[in-house]
Amino acid sequence: MRNLSYRIKGQPVLIHVVESEQDIPQFEDWISRHRIAGFDTETTGLNWWDAGRGFRIRLAQFGNGAETWVIPVERGPSFRAVVVEALHRLEWLVAHNGTFDLHVVEACLGIPMEELAPKMWDTSLLAHLVDPRGVKEKGPGLKLEELVKFYIDQQTAEEVKGSMTAIAKRYKTTKEKIWALVELFDEEYLLYAGMDPALAYRLFQLLYRLVPIRSKERGLIGWEHRLSHVTAKLERTGYLIDVGYAERRCEELTAEEEKWKAVAKTFGVENPNSNQQLIEAFQGFGVKLTKRTKPSKNHPNGQLAMDDDVLSGVGHPLADAVIKAKKAGKWRKTWFERALNGRDSDDRVHASINSLQARTSRMSISGSIPAQTFPSGDGYVRHTFLADEGHVSCSIDFGNMELRYLAAFSRDSTMLDAFLSGKDLHQITADAAGVVRKIGKMANFLTVYGGGWAALMEQANVDEETARRVLDAFNETYPGVGAFGKKLAAEARKTGYVWTATGRRLPVDPGKWFRALNYFIQGGSRDVTARALLKLDAAGFTPYMRLPVHDEIVFSFPEREAAELSQEAARLMEFPVQGLLIPADAEIGGRSWGSILDLANSKH
DNA sequence: GACTGAAGCACC
DNA sequence: AAACGGTGCTTCAGTC
């Protein structure tokens, strides 16, 4: 046994490192005397889906705020066995981002996440319920180091955060590669590993008390945990990809990028991605550039803008080439190469779904399938993603989710009536303002976002007078919406928070009280989708679910049953808020996700 | 090489 | 009185 020690604000943390089989009984004794423990794993990387193709678990750590154990799982079956036994035995586990550890334990140690998930407490979920703001939003943050810095001790946080970087430097390698390379019994590594369960455990004790009583009473702690287990199962299932299709698009886009880069070169631009080079080139051709980016620290007046709007306005062949070259490169890397590089041995890709991420509580999807930002105009990107063999793709989306949510809670009679009697809300707004439907629609959404006339001016490309008139008309048509927004803003001004209807406390930035309405709607709508995921899970739909995308859930259904299953799923998803139904509509396509969009487009 | 801020673009 | 909410990814450019 090797014993290490660390001090957090003067309090000792004892770290026992199991070195040989003779040390195991002491660990077993500790486990037998504890019902709950902080838990963490160290692995060779983040690609848990590649267990058997190089991904390994290296260490497993257990402990509480004062004493932890590091088990060298990599050393062989007896160490694996003792970890498996401990995991079976403990009644509760505490982990930060425990979803990752669930994947690791399942893939490497064979314990199904269905067994461990129900007894796991995740400090990242508690932290979000306490304060959802990241460090950049002047909040505590959501990462372990950030939370330790905010809630426990700054010095500890910095040492833990810096340690793997320091080890990487010592090994003369990168932070990305160090996880697989570091010597298993490297003292600094053991210290880093051993501290993690202690910190998670301490955070759990602190954060649990800080979760607002109102959130607890509404059962949000358990609810968010159950939800994260559903999204963990979706991550595990993954999404089958059409490798040939993605590879063809990559080749196509590479050729496209090369072609337009060559054109840019003939105008003296080596790198179309460099705005500096572009500005220089255009000014050399006598083009007058006026649009500026927003003011920042280093550029109080903003810099000359070089976005799509500017480029398509200059009317020069270089601009056209730059737009096309940039787009081809970005699309290839972001959509197709990400999917190809992330696939497992069965050609499935596994997104990282953070079920509770945004400061409004919206989910985020990142990694190999950044699905929330997939181009939606046609199926070009989404064709990459396939329903399973013998299955078809199906998308079920909520209709007018956020606007219905707004109508339901503002109780504005015109807006409620529009939805209850199936009228066209965007047209009603347009008619009231004397503009086309498209601008009416913009005004409706702008209200959800808290935008003013200046934003409408920019977005709809109308003059100030028109923009003001449209918003005035909106306010006259739906007086209940303005009143509701004012009520939430006043509450935010008084308390600093807006509470969602689901009992979630969301901080609002000082002076930005108008955002309270958006947070209420965005957070509440997310909870409607979250509720749908839980309902679908309970009804046995999880094996068919692929991804949630804000107001939509994507499925892979067996072809023969697709019609029935999609209707059943849609009925489960639908939910009346304050008596107003948020309907769900199923669209069935062919094999690929993209085929749904193609079918929808061909209808017009 | 790692990190950060900013710009730009993809979405709901 | 005045105000476009929330994300993720890639790249550049500057700093340490």
*Asks:* When all nucleic acid strands are considered with a 4.0 Å heavy-atom cut-off, which category describes A:Gln459: base, sugar-phosphate, or nothing?
*Replies:* base
*Asks:* Nearest whole Å is fine: how far is C:dT7 C1' from A:His128 NE2?
*Replies:* 12 Å
*Asks:* For A:Trp453, answer base if it contacts any base atom (sugar-phosphate contacts may also be present), sugar-phosphate if it contacts only those atoms, and nothing otherwise; contact means non-hydrogen atoms under 4.0 Å.
*Replies:* nothing
*Asks:* Which part of the nucleic acid does A:Leu456 contact within heavy-atom distance under 4.0 Å: base, sugar-phosphate only, or nothing?
*Replies:* nothing
*Asks:* From OH of A:Tyr449 over to C1' of C:dT7, roughly how many Å is that when rounded to an integer?
*Replies:* 11 Å
*Asks:* Would you please confirm or rule out a distance under 4.0 Å between OP1 or OP2 of C:dG6 and any side-chain N or O of A:Tyr519?
*Replies:* yes
*Asks:* Within the structure shown, what part of the strands sits under 4.0 Å from A:Met401 by heavy-atom distance: base, sugar-phosphate, or nothing?
*Replies:* nothing
*Asks:* Whole angstrom is fine here: how far is it from NZ in A:Lys486 over to C1' in C:dA1?
*Replies:* 11 Å
*Asks:* In whole angstrom, what separates A:Arg133's CZ from C:dT7's C1'?
*Replies:* 18 Å
*Asks:* Evaluate the ring planes of A:His350 and A:Trp49, with Trp represented by its six-membered ring, and classify them as parallel (under 30°), tilted (30 to 60°) or perpendicular (over 60°).
*Replies:* parallel
*Asks:* Rounded to whole Å, please give me the gap between CE in A:Met363 and C1' in C:dG6.
*Replies:* 14 Å
*Asks:* Can you find a heavy atom in the side chain of A:Phe419 that is under 4.5 Å from one in the side chain of A:Leu580?
*Replies:* yes
*Asks:* C:dC9, OP1 or OP2 - any side-chain N/O from A:Arg338 closer than 4.0 Å?
*Replies:* yes
*Asks:* Hey, are A:Arg468 and A:Glu464 close enough for a salt bridge, meaning a charged N less than 4.0 Å from a carboxylate O?
*Replies:* yes
*Asks:* In whole angstrom, give the distance that lies between atom NZ of A:Lys294 and atom C1' of C:dA3.
*Replies:* 16 Å
*Asks:* Does the side chain to side chain donor-acceptor pair (under 3.5 Å) test come out yes or no for A:His96 and A:Ser124, once each step is laid out?
*Replies:* CA-CA 6 Å; A:His96 191 73; A:Ser124 72; 5.1 Å; no
*Asks:* Quick one: is A:Arg515 getting a side-chain N or O under 4.0 Å of the C:dG5 phosphate, OP1 or OP2?
*Replies:* yes
*Asks:* A:Lys512 near the nucleic acid: base, sugar-phosphate alone, or nothing, with a heavy-atom cut-off under 4.0 Å?
*Replies:* nothing
*Asks:* In this structure, which one of A:Asn444, A:Thr477, A:Asp424 forms a side chain to side chain donor-acceptor pair (under 3.5 Å) with A:Thr429?
*Replies:* A:Asn444
*Asks:* Between A:Lys291 and A:Asp307, does at least one N-O distance fall below 4.0 Å, as a salt bridge requires?
*Replies:* yes
*Asks:* So if I define the base as every atom that isn't primed, P, OP1 or OP2, how would nucleotides 11-16 of chain C read as a B/S/- string at a heavy-atom cutoff under 4.0 Å?
*Replies:* SSS---
*Asks:* Which whole-number value in Å describes the distance from A:Leu517 CG to C:dC4 C1'?
*Replies:* 13 Å
*Asks:* Flag the pair A:Arg332 and A:Glu256 as a salt bridge only when some basic side-chain nitrogen lies within less than 4.0 angstrom of an acidic carboxylate oxygen.
*Replies:* no
*Asks:* When all nucleic acid strands are considered with a 4.0 Å heavy-atom cut-off, which category describes A:Lys326: base, sugar-phosphate, or nothing?
*Replies:* nothing
*Asks:* Using a heavy-atom cut-off of under 4.0 Å over every strand shown, decide if A:Lys136 touches base, sugar-phosphate, or nothing.
*Replies:* sugar-phosphate
*Asks:* Looking only at non-hydrogen atoms, find the nearest pair between A:Phe520 and A:Trp499 and report the distance.
*Replies:* CD1-O, 3.5 Å
*Asks:* Taking atom types as they are modelled, would you say the side chain of A:Arg359 forms a donor-acceptor pair with the base of C:dG6 within the 3.5 Å cutoff?
*Replies:* no
*Asks:* Cation-pi check for A:Tyr245 against A:Arg249: NZ or CZ below 6.0 Å from the six-membered ring centre and within 45 degrees of the axis, yes or no?
*Replies:* yes
*Asks:* Please give, in whole Å, the distance from C:dC9 P to A:Arg332 CZ?
*Replies:* 17 Å
*Asks:* Are A:Arg531 and A:Glu574 ion-paired here, with the side-chain N under 4.0 Å from a carboxylate O?
*Replies:* no
*Asks:* Assign A:Glu458 to base, sugar-phosphate, or nothing according to its heavy-atom contacts below 4.0 angstrom with the strands shown.
*Replies:* nothing
*Asks:* Want to settle it: does A:Ser368 or A:Arg362 sit nearer the 5' end of DNA chain C, counting the closest nucleotide to each?
*Replies:* A:Arg362
*Asks:* Along DNA chain B, 5' to 3', what are the outermost nucleotides having an atom less than 4.0 Å from a heavy atom of chain A?
*Replies:* B:dG1 to B:dC12
*Asks:* In terms of side-chain geometry, is the basic nitrogen of A:Lys327 or A:Asp308 positioned less than 4.0 Å from the acidic oxygen of its partner?
*Replies:* no
*Asks:* Hey, does the side-chain of A:Gln372 have a donor or acceptor N/O within less than 3.5 Å of a partner on the base of C:dG8?
*Replies:* no
*Asks:* For A:Ala371, answer base if it contacts any base atom (sugar-phosphate contacts may also be present), sugar-phosphate if it contacts only those atoms, and nothing otherwise; contact means non-hydrogen atoms under 4.0 Å.
*Replies:* nothing
*Asks:* Base, sugar-phosphate alone, or nothing: which one does A:Phe374 contact when heavy atoms must sit under 4.0 Å apart?
*Replies:* sugar-phosphate
